[in-house]
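Heads up: the structure comes next, in C-alpha cells.
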Amino acid sequence: QVQLVESGGGLVQTGGSLRLSCAASGRTASYYAIAWFRQAPGKEREFAAAINWSGGSTDYADSVKGRFTISRDNAKNTVYLQMNSLKPEDTAVYYCAADRAVVTSRLSRSWNYWGQGTQVTVSS
C-alpha cells in the first residue's frame, strides 16, 4: 500500500511555471507507477501525465505535451510535474495517483491510490 501527498500548487499568471510534487510513502513506494490527473470545476477528471516505476517510460496528454514534464526521484520517493507556459485552461485541482501496473493507463479507474489534490489557478 502507498500513501500520496501532493504539494506545489498555487496561483500563477498565464505563461508562468509551477512544479508540483507527489510524495509517496510506503515500503515499496518506488515500485509504483505514478500519474497526474486534473479536474476543473464542472468537468470530469482527466489524465495529464504518467511515469512508470523506473522513470524510463512517460506518457502525456496532448493538451500538456511539450509544456509539462513528469519525472521521479526514487531515492526521495517523489514524483514531480514541471508545468511551463501555463494557460488559464490548466486551472484545476491536480491529483497524483499510484498503481503497481507495469504499463501506465490514461484511465482514472485503473489507478488504485490517490492523493488529496492541490489547486492550480492560472490567471489571464
Side-chain angles (χ1 to χ4, degrees):
Q1 197 164 1
V2 64
Q3 293 78 44
L4 305 172
V5 178
E6 303 96 334
S7 62
L11 174 64
V12 64
Q13 292 186 334
T14 297
S17 298
L18 282 174
R19 188 178 78 159
L20 305 183
S21 298
C22 174
S25 60
R27 286 196 310 127
T28 60
S30 61
Y31 293 102
Y32 282 74
I34 300 289
W36 286 96
F37 286 79
R38 62 186 186 181
Q39 188 166 19
K43 294 188 177 181
E44 292 187 355
R45 192 168 297 189
E46 66 173 9
F47 170 80
I51 190 166
N52 73 338
W53 73 273
S54 69
S57 177
T58 58
D59 186 27
Y60 297 93
D62 288 345
S63 58
V64 307
K65 193 173 295 183
R67 299 187 298 122
F68 291 11
T69 302
I70 190 169
S71 62
R72 68 188 300 155
D73 183 342
N74 281 347
K76 297 181 178 179
N77 284 345
T78 301
V79 171
Y80 305 98
L81 186 68
Q82 178 66 44
M83 307 187 296
N84 298 329
S85 302
L86 283 163
K87 307 174 182 179
E89 51 264 44
D90 294 317
T91 295
V93 177
Y94 283 70
Y95 299 90
C96 65
D99 195 79
R100 287 296 300 267
V102 174
V103 177
T104 60
S105 170
R106 296 186 175 192
L107 301 176
S108 59
R109 64 176 182 265
S110 297
W111 298 83
N112 286 310
Y113 303 98
W114 291 83
Q116 294 300 306
T118 185
Q119 176 71 47
V120 171
T121 302
V122 184
S123 64
S124 57

Do any N or O atoms from the side chain of [X] and from the backbone of [Y] form a donor-acceptor pair under 3.5 angstrom?
{"X": "Trp111", "Y": "Arg106", "value": "no"}
{"X": "Thr78", "Y": "Lys76", "value": "yes"}
{"X": "Arg19", "Y": "Gln82", "value": "no"}

Within 45° of the six-membered ring axis of [Y] and under 6.0 Å from that ring's centre, is NZ or CZ of [X] located there?
{"X": "Arg100", "Y": "Trp53", "answer": "no"}
{"X": "Arg72", "Y": "Tyr80", "answer": "no"}
{"X": "Arg38", "Y": "Tyr94", "answer": "no"}

Pairwise side-chain contact, [X] with [Y], heavy-atom cut-off 4.5 Å (strictly under):
{"X": "Tyr60", "Y": "Thr69", "result": "yes"}
{"X": "Met83", "Y": "Ser17", "result": "no"}
{"X": "Trp36", "Y": "Ile70", "result": "yes"}
{"X": "Gln1", "Y": "Arg27", "result": "no"}
{"X": "Leu86", "Y": "Thr14", "result": "no"}

Do you know which two heavy atoms are closest between [X] and [Y], and how far apart they sit?
{"X": "Ser85", "Y": "Asp90", "value": "O-OD2, 4.4 Å"}
{"X": "Ala24", "Y": "Leu4", "value": "CB-CD2, 3.7 Å"}
{"X": "Tyr32", "Y": "Ala98", "value": "CD2-CB, 4.0 Å"}

*Would you confirm whether the ring centroid of Phe47 sits within less than 6.0 angstrom of the ring centroid of Phe37?*
yes

For the atom pair [atom1] ([X]) and [atom2] ([Y]), what is the distance rounded to the nearest 0.5 Å?
{"X": "Glu44", "Y": "Ser108", "atom1": "CD", "atom2": "OG", "answer": "8.5 Å"}
{"X": "Cys96", "Y": "Tyr113", "atom1": "SG", "atom2": "OH", "answer": "13.5 Å"}
{"X": "Tyr31", "Y": "Ser54", "atom1": "OH", "atom2": "OG", "answer": "11.5 Å"}
{"X": "Lys43", "Y": "Glu89", "atom1": "NZ", "atom2": "CD", "answer": "8.5 Å"}

*Starting from the C-alpha separation in whole Å, work towards a yes-or-no answer on side-chain contact (heavy atoms from CB on, under 4.5 Å) for Val120 and Leu18.*
CA-CA 9 Å; Val120 171; Leu18 282 174; 3.9 Å; yes

_For Ile34, run the side chain to side chain contact (heavy atoms under 4.5 Å, CB included) check against Ile51, Asn52, Val2 and tell me which one passes._
Ile51

_If the test is side chain to side chain contact (heavy atoms under 4.5 Å, CB included), which one of Val79, Val93, Thr118, Leu81 qualifies with Glu6?_
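Output: one option passes, namely Thr118.
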
*Lys65/Asp62 ion pair, N-O < 4.0 Å*: yes

*Evaluation steps, side chain to side chain donor-acceptor pair (under 3.5 Å), between Gln13 and Ser123*: CA-CA 5 Å; Gln13 292 186 334; Ser123 64; 5.0 Å; no

